[in-house]
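Inspection log for the structure reproduced underneath, given as structure tokens.
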There are 2 protein chains.
Amino acid sequence: MASIKDVAAEAGVSVATVSRVLNDHPSVSPAARARVLAATESLGYRPNAVARSLRTDRTRTLGLVISDVLNPYFTALARSVEEAARTLGYSVIIGNADERPELQDHHVRTLLDRRIDGLLVSPTDGGSPLMLDTARSSTPMVFVDRWIPGVDVPVVRADGRAAVRDLVAHLHGIGHRRLAIIAGPAATTTGSERVEAFREALGAYGLPLPDDHIGQGDFQADSGRRATERFLALPEPPHVIFAADNLMALGALDAIRARGLSVPHDIGLAAFDDIPWFVHTDPPITAIAQPTGDLGRAAVQALVDLIEGRSPRSVTLPARLVVRRSCGESPTDQRSTT
Amino acid sequence: MASIKDVAAEAGVSVATVSRVLNDHPSVSPAARARVLAATESLGYRPNAVARSLRTDRTRTLGLVISDVLNPYFTALARSVEEAARTLGYSVIIGNADERPELQDHHVRTLLDRRIDGLLVSPTDGGSPLMLDTARSSTPMVFVDRWIPGVDVPVVRADGRAAVRDLVAHLHGIGHRRLAIIAGPAATTTGSERVEAFREALGAYGLPLPDDHIGQGDFQADSGRRATERFLALPEPPHVIFAADNLMALGALDAIRARGLSVPHDIGLAAFDDIPWFVHTDPPITAIAQPTGDLGRAAVQALVDLIEGRSPRSVTLPARLVVRRSCGESPTDQRSTT
DNA sequence: CTGAAAGCGCTTACAG
DNA sequence: CTGAAAGCGCTTACAG
């Protein structure tokens, strides 16, 4: 592959001049510039980003560690992150933690070794030593979706509290009283917050959230399946199950169907995170939608601000309830079902 | 961040010795090794991968350019690629082409600039000049899922021909005669092959595939919606629509529902690519499943073989039909509906 | 406007 | 077994 030396030789100038042309440095004569450009073209020269990064100590690359690529929510987030980063002249390298803390650490380490300019993380757990060290280090870092309490890092996330209240109001309005939740890992903020928001909203109606109505999941489908089986085996199964993410809702549907039961007739189902398929499931699923695109853009903006020496803002955006038919219909519900 | 010099100073040895310890070079005294390891530990030293890559001309990184991250099929593929690569000691950087050739080229260029060791591509089109140049260059490259005819690059893919024949047999058995397809871009192999396989299979039953029964899609949901609207506006709409991927099937469902029609009563639907949600849609969708995990692993194996000087094999794996209820039921169908 | 030179952080023949 | 030195491909003060 042609190097800057080859271009310099071909153009009859020094490598310094070639470098200046490539970096749009003002003080280059038009003649020299033209010869360099011609040589670049004819050799098909492309600067070696590795060498450039070593010299400048910048990679123009962002690392994004997401909890699970198989989760459409994170996939949509990753897409908007990449798009926003590209607009600002950055590439992004995605690491998939698969909801496993050790895999998350592996990716953080690899990304750091590659000297990415900044790190966007949706932590899978409460904070490994590596994650905590990184947050304390000089590496620019922003949490997105999930965060680690007590760590001084900007956070970009959605607040689902109001939407959860709306959900509970909706369920209560239909007449449901025994409500259960499949939670994410307590070590994640979204895992614990969604339970707390749910419990609080229930409390407003004087409804309890007994321990056997809290299923412990890990945000993946299998755990939704298992938690649902346990609910269905209860002497008095819940009227409605609220899954704290879309994959656990998928697992819940599997389990309900395997039991030969039907939604919403035998049991209701709602989910955190809205995905396109929820319109077409049997029945369409009531869900809480996050402004995924905005979250991705805001997260990139905060991280790039940090990298480029501006002060970043933490951002909290609202989520909203989308009512469909999976919890039954109340006569007072006038909402559309798409 | 500590560099190799700091470690050398701390351990009282030369940087050469530090490097040898880090790279498990045999000729290092146990005493020196111990001191280096201790220094590495106490400084929290991590070798700079950028510098190492520049020196060794290897990045131990694979590039993966996929057509669309929002497509669960590619997301599953990406996951298995990353896992297989990690096992072999490689990282992978994913580029999302979003089915746009210019974006695909952008990612290929960026990946090449970063000097990835090899490239895995599922081409979005028939081959841009850049893609063709890259294939001819010395950069190790493997096509996965889709490929570019006439280019001498190993291909790892699924052959859906037999499964498409099974699908048409199934449809014919139920009594459907007017069959339509939403195709992917003709410039992609999977775009044209699936139409050809479908046409051939229809031919075996003496059924035609008129032009107005071929919808031109681009593998994304919107195009499935538009193609379906056109089918439904025909004086004699098709009995069944076969979408050449899962996102266009999603779009088709949207359009069918918007018309107030129901599947399979008013019109049947089948899709290429099977995804978990197809079990829970209304109705469950008949689909052709690809061995995604095996494809990812085989692709990585072929690419790493190429990188490490072994001769890679092209691999073609079979896809298989999974019958559900979205095309109606024939009395002779004895298959399960999950 | 231009070039020679130093240096980013590593690895690796070479000499001892 | 060990170290001094060269060099990977760039960028950038410095001097002219």
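Reminder, nothing fancy here: chain letters follow the sequence lines and each chain counts from 1. The structure displayed is predicted, hence computed values, not measured ones.
- Whole-Å rounding puts the B:Lys5 NZ to D:dA5 P distance at 14 Å.
- If A:Asn48 and B:Val28 are placed on DNA chain D by their nearest nucleotide, the residue sitting closer to the 5' end is B:Val28.
- For the pair A:Val65 and A:Leu111, the minimum side-chain heavy-atom distance is below 4.5 Å.
- Considering only heavy atoms from C-beta on, A:His107 stays 4.5 Å or farther from B:Ser91 through its side chain.
- Between the CG atom of B:Asp6 and the C1' atom of C:dC8 there is a distance of 13 Å, rounded to whole Å.
- Scanning for side chain to side chain donor-acceptor pair (under 3.5 Å) contacts around A:Arg100 gives A:Glu102, with sequence neighbours left out.
- Between the C1' atom of C:dC10 and the CZ atom of B:Arg46 lies a distance of 15 Å, rounded to the nearest Å.
- Positionally, the nearest nucleotide of DNA chain C for A:Ser29 lies more toward the 5' end than for the other of B:Val50 and A:Ser29.
- At distances below 3.5 Å, not a single donor-acceptor pair connects side-chain atoms of A:Ser122 with backbone N or O atoms of A:Ser67.
- A:His25 has its NE2 atom 18 Å from the P atom of D:dC10, to the nearest Å.
- A distance of about 16 Å separates the C1' atoms of C:dT12 and C:dG16, rounded to the whole Å.
- Applying the side chain to side chain donor-acceptor pair (under 3.5 Å) test to B:Ser80 and every residue at least two apart in sequence or in another chain returns nothing.
- Scanning for side chain to side chain donor-acceptor pair (under 3.5 Å) contacts around A:Thr87 gives an empty result, with sequence neighbours left out.
- Taking side-chain N and O atoms only, A:Tyr45 has a distance below 4.0 Å to OP1 or OP2 of D:dC10.
- Shown here are the side chain to side chain donor-acceptor pair (under 3.5 Å) partners of B:Arg52, two or more places apart in sequence or in another chain: there are none.
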Each nucleotide in nucleotides 11-16 of chain D should get exactly one letter: B, S or -. Can you fill that in based on protein heavy atoms under 4.0 Å? BBB---
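- Between A:Gln290 and A:Leu295 there is a side-chain heavy-atom pair separated by less than 4.5 Å.
- In terms of the side chain to side chain contact (heavy atoms under 4.5 Å, CB included) criterion, residue partners of A:Asp68 (sequence neighbours excluded) are, by chain and number, A:Leu70, A:Asn71, A:Asn96, A:Asp98, A:Glu99, A:Gln220, A:Leu247.
- For the contact set between residues 31-39 of chain A and DNA chain C, defined by any heavy atom under 4.0 Å, the members are A:Ala32.
- Only at 4.0 angstrom or more do the heavy atoms of residues 107-119 of chain B sit from any atom of DNA chain D, so none qualifies.
- With sequence neighbours excluded, the residues that form a side chain to side chain contact (heavy atoms under 4.5 Å, CB included) with B:Arg60 are B:Arg58, B:Tyr90, B:Asp117, B:Glu308.
- Under the side chain to side chain contact (heavy atoms under 4.5 Å, CB included) criterion, A:Ala11 pairs with A:Val13, A:Arg35, A:Val36, A:Ala39, sequence neighbours left out.
- A salt bridge is defined here as a Lys NZ or Arg NE, NH1 or NH2 lying under 4.0 Å from an Asp or Glu carboxylate O, and B:Arg157 with B:Asp145 fails to meet this definition.
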Run the side-chain donor-acceptor check on residues 300-307 of chain A: report pairs under 3.5 Å with partners two or more places apart or on a different chain.
| from | atom 1 | to | atom 2 | distance (Å) |
| --- | --- | --- | --- | --- |
| A:Asp305 | OD1 | A:Arg310 | NE | 2.8 |
| A:Asp305 | OD1 | A:Arg310 | NH2 | 3.0 |

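- If you check every strand for non-hydrogen atoms under 4.0 Å, B:Ser27 touches a base.
- In this structure, B:Leu54 places its CG atom 13 Å from C1' of D:dA6, rounding to the nearest Å.
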Secondary-structure string, 5' to 3', Watson-Crick or G-U under 3.5 Å, | for another-strand partners, for DNA chain D: |||.||||||||.|||
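- Within the 4.5 Å cutoff, the side chain of B:Leu77 has heavy atoms near those of the B:Val144 side chain.
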